[in-house]
Amino acid sequence: MTNIFKDFTSRIQSAVLSTGLTARSGEALDISRIVVEPPRDPSHGDLATNAAMVLAKGAGMKPRDIAEKIAAALEGDPDIAAAEVAGPGFINIRLEPGFWAAFLASVLKAGEGYGRSDLGGNVKVNVEYVSANPTGPMHVGHCRGAVVGDALAGLLDFAGYDVTREYYINDAGSQVDVLARSAFLRYREALGEDIGTIPEGLYPGDYLKPVGAALAERYGEELLAMDEADWLPIVKDITIDAMMEMIRGDLAALSVHHDVFFSERSLVGNGKNRVEEAIRDLRDRDLIYVGTLPPPKGQLPDDWEDREQTLFRSTDFGDDVDRALLKSDGSYTYFASDIAYHYDKYLRGFGYQIDVLGADHGGYVKRMQAAVKAITGGEGKLEIKLCQLVKLFRGGEPVKMSKRSGEFVTLRDVVDEVGVDPVRFMMLYRKNDAPLDFDFQKVTEQSRDNPVFYVQYAHARIASVFRQADEAFAGSDFGPEALCAAPLDLLTDEGELALAAKIAEWPRLVEAAAEAQEPHRIAFYLYELASALHGQWNRGKDLPQLRFINADRSDLTTARLALVYCAKLVIRAGLGILGVGAPDEMR
RNA sequence: GGCCCCGUAGCUCAGCUGGAUAGAGCAACGGACUUCUAAUCCGUAGGUCGCAGGUUCAAAUCCUGCCGGGGUCGCCA
């Protein structure tokens, strides 16, 4: 058991049962609310539990009285040096020094797998993120969702879920027609025509020039002779492919990876029509009707008029109003095809789905969750993580962006200027529902103070210690296998034990972060762990006997190398979840 | 106006799903480099957790109402 908090929770539950305490009703006590956590103040010991306080009411006793009984029962545990009652009824537990040696040995044995959890029970989960429209290169706005989604997927994978990372390509709406027309203009330009300024409503960006050139190369003047109805599908296909090619390149630059790129157009075709299926299904459940919606409260839109619409009863599932499925021209709304898409995911075996979206989609959460609940008969679960906007600054000044003029900061610009690791870590060093100010100047200029380097430096520093150890003890073996045999009971310094305790929090943190779906917790934890490592390192300056390497003590050195090796395992695993590199040396 | 998110140290933010005396970083001040890389560390100072009620052994955390900031609001994608 490498998760000491789970381990001791069950030990304490056993201890409670052994006291023979019962509820006032005579029934057994509810021990499920008992938690074991690291105490906020290290002087309180290694572990703390609220057991007595959560049991007090049911047992009809004072918390401190119960605590005394439980503490007494715990004294029998050979790993517990002391169990003291404190404050309103906490039980503070101090562990035997030998416990940490055994714990570290189990970490070494677990190796790379330390911290992995079976929390997810191998349940299939589909994480959809990025899903930028295929109408141009990715811009910074996509950056945060991409990184958060990628890290969340990594986290859930580490916590034992069967994760599929998915990208939804919106290649069916009218926007891709606009895209095709924009590309067609560039095609004419490539054939030598003077196209003047790009008309309002079309995509003006230069990135379509190569597409136009490619079209000219391939078709010559052939397309010019066609009606739009004939050239549009051809140009559309080619342009979307080109855009996706570009986007995949952008994602690769940010080291973001997807398992599935799902095309909206593929919902219909090859003898199937998911949209119709979904609508039919909802109709069968009597969840569709034709009616009018009440106007929004407060200020009425200028052009408001009552209109009959085909509506989905999303209010039956917690939404604020019912939502339209058909446009007035009879075609499906975006919402309708999105229902079909989530339905398709469900049919592919994903009862558990997560969408990572920008905060501007906030109004979309309830209706989509309602739809998933409805169409899966309550069996499917959709969670939506909203990422707040990223505001760009340069030296304190806001960076202006205009999508219409085609002048926006691309994701590629950011990565090129700042680097992948700092970008990713910065995006993850914040809760996803808090806004984020991203200042190029700060991130680059103050890169030495950037938390990502602090964490990476800890990893590199440990690697350096091993290089030094190999020199100091030429011919010795400090490989993982050898470290398993290290005399870990020589680790008695408080800083060393504090580092071990920090390492011990890892499995607990992984599970908490996965349950909350909050990858940022990993980033903050890594910072704390790095801090514990740097702190212990520096204590060696005043007290040379505390240095990791003691040239005349190979046994002690081996034990300490084993300790920092455990820290290195965790940092590597954590940075791996975040998709950030773990270098062996800083440059 | 409805819905969603945010409000914690001068600044940027954590706060482990209700626990003990609310924590980091930056900025300020004072220290530590003949060192296993000082890209580091140690110390000092800094708070009415937006405001007011409520829930209970216990609230920054949960509930209600305000105040302030952002997002969004019938067929767009």
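Below, each value reflects all heavy atoms present in this structure, side chains not excepted, and no hydrogens, waters or symmetry copies. None of the values given here were measured: they were computed from a predicted structure.
Within the structure, a side-chain polar atom (N or O) of His520(A) is placed less than 4.0 Å from OP1 or OP2 of rG15(B). Contact annotation: Trp537(A) does not reach the phosphate of rU37(B) (side-chain N/O to OP1 or OP2, under 4.0 Å). In terms of phosphate contacts, Thr333(A) brings no side-chain nitrogen or oxygen within less than 4.0 Å of OP1 or OP2 of rC75(B). Contact between the side-chain N/O atoms of Arg521(A) and the OP1/OP2 oxygens of rC16(B) is not found at any separation under 4.0 Å.
In this view, Ser554(A) and Phe473(A) satisfy the side-chain contact (heavy atoms from CB on, under 4.5 Å) rule, not counting sequence neighbours. For Ala504(A), the side-chain contact (heavy atoms from CB on, under 4.5 Å) test picks out Ile4(A), Trp100(A), Phe103(A), with sequence neighbours left out. Residues satisfying the side-chain contact (heavy atoms from CB on, under 4.5 Å) test with Arg430(A), not counting sequence neighbours, are Arg144(A), Ala434(A), Leu436(A). Here Asp306(A) pairs with Trp304(A) under the side-chain contact (heavy atoms from CB on, under 4.5 Å) rule; sequence neighbours left out.
Within the nucleic acid shown, Glu37(A) has no heavy atom closer than 4.0 Å to any nucleic acid atom. Here Leu293(A) lies in heavy-atom contact (under 4.0 Å) with sugar-phosphate atoms only. Counting non-hydrogen atoms under 4.0 angstrom, Asp41(A) reaches nothing in the nucleic acid. Using a 4.0 Å heavy-atom distance criterion, Ser174(A) is classed as a sugar-phosphate-only contact. Within the nucleic acid shown, Glu585(A) comes within 4.0 Å of at least one base atom, counting heavy atoms only.
Closest-nucleotide positions on RNA chain B for Thr49(A) and Lys57(A) were compared, and the one nearer the 5' end corresponds to Thr49(A). Both Leu436(A) and Asp360(A) lie near RNA chain B, and the one whose nearest nucleotide falls closer to the 5' end is Leu436(A).
Separating the CG atom of Leu509(A) from the C1' atom of rC16(B) is a distance of 7 Å, rounded to the nearest angstrom. In this structure, the CZ atom of Phe425(A) is 13 Å from the P atom of rA14(B), given to the nearest Å.
Residues from residues 306-319 of chain A placing a heavy atom under 4.0 Å of any atom in RNA chain B, listed by number, are Asp306(A), Arg307(A), Gln309(A).
Residues Tyr429(A) and Phe524(A) bring their aromatic ring centres within 6.0 Å. Between Phe262(A) and Tyr341(A), the distance from one ring center to the other falls under 6.0 angstrom. Taking the six-membered ring for Trp, Phe438(A) and Phe440(A) have ring centres closer than 6.0 Å.
Checking rC3(B), rA39(B), rA22(B) against every side-chain atom of Met586(A), the shortest atom distance belongs to rA39(B). Of all nucleotides listed (rG71(B), rC4(B), rU37(B)), rU37(B) comes nearest to the side chain of Tyr457(A). Listed nucleotides rC36(B), rA77(B), rG19(B) differ in distance to Met53(A); the shortest reach to its side chain belongs to rG19(B). Of the candidate nucleotides rC16(B), rA20(B), rC3(B), rA20(B) has the atom nearest to the side chain of Phe90(A).
Pairs engaging residues 460-478 of chain A under the side chain to side chain donor-acceptor pair (under 3.5 Å) rule: Tyr457(A)-Arg461(A), Arg461(A)-His534(A) [sequence neighbours left out]. Residue pairs meeting the side chain to side chain donor-acceptor pair (under 3.5 Å) criterion with at least one partner in residues 36-45 of chain A, sequence neighbours excluded, are Asp41(A)-Ser43(A). Residue pairs meeting the salt bridge (Lys or Arg N to Asp or Glu O under 4.0 Å) criterion with at least one member in residues 166-180 of chain A, sequence neighbours excluded, are Glu166(A)-Arg348(A), Asp171(A)-Arg265(A), Asp177(A)-Lys236(A).
rU17(B) shows a glycosidic angle within 90° of 0 and is accordingly assigned syn.
Using a 4.0 Å cut-off between a side-chain N of Lys or Arg and a carboxylate O of Asp or Glu, Arg539(A) and Asp493(A) qualify as a salt bridge. The residues Asp439(A) and Arg394(A) are annotated as not salt-bridged, no charged nitrogen and carboxylate oxygen being separated by less than 4.0 angstrom.
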Which atom pairs link the protein and nucleotides 41-44 of chain B when you take only N or O atoms and keep those under 3.5 Å?
| residue | atom | partner | partner atom | Å |
| --- | --- | --- | --- | --- |
| rC41(B) | OP1 | Tyr454(A) | OH | 2.2 |
| rC41(B) | O4' | Asn538(A) | ND2 | 3.0 |

Using the 3.5 Å cut-off, write out each protein N or O paired with an N or O of nucleotides 6-12 of chain B and the distance between them.
| residue | atom | partner | partner atom | Å |
| --- | --- | --- | --- | --- |
| rU12(B) | O2' | Arg430(A) | NH1 | 3.4 |

Quick one: the dot-bracket string of RNA chain B, using Watson-Crick and G-U wobble pairs with both distances under 3.5 Å, [ ] for crossing pairs and | for bases paired to another strand.
(((((((..((((.....[...)))).(((((.......))))).....(((((..]....))))))))))))....
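Looking only at distances, a side-chain donor or acceptor of Thr557(A) sits under 3.5 Å from a matching main-chain atom of Arg553(A).
Rounding to the nearest 0.5 Å places CG of Leu563(A) at 10.5 Å from CG of Leu483(A).
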Contacts table for residues 507-515 of chain A: side-chain donor-acceptor under 3.5 angstrom, sequence neighbours left out:
| residue | atom | partner | partner atom | Å |
| --- | --- | --- | --- | --- |
| Glu511(A) | OE1 | Lys6(A) | NZ | 3.3 |
| Glu511(A) | OE2 | Lys6(A) | NZ | 2.9 |
| Glu511(A) | OE2 | Ser117(A) | OG | 2.8 |

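Between the side chain of Arg461(A) and the base of rC36(B), no donor-acceptor pair under 3.5 Å is found.
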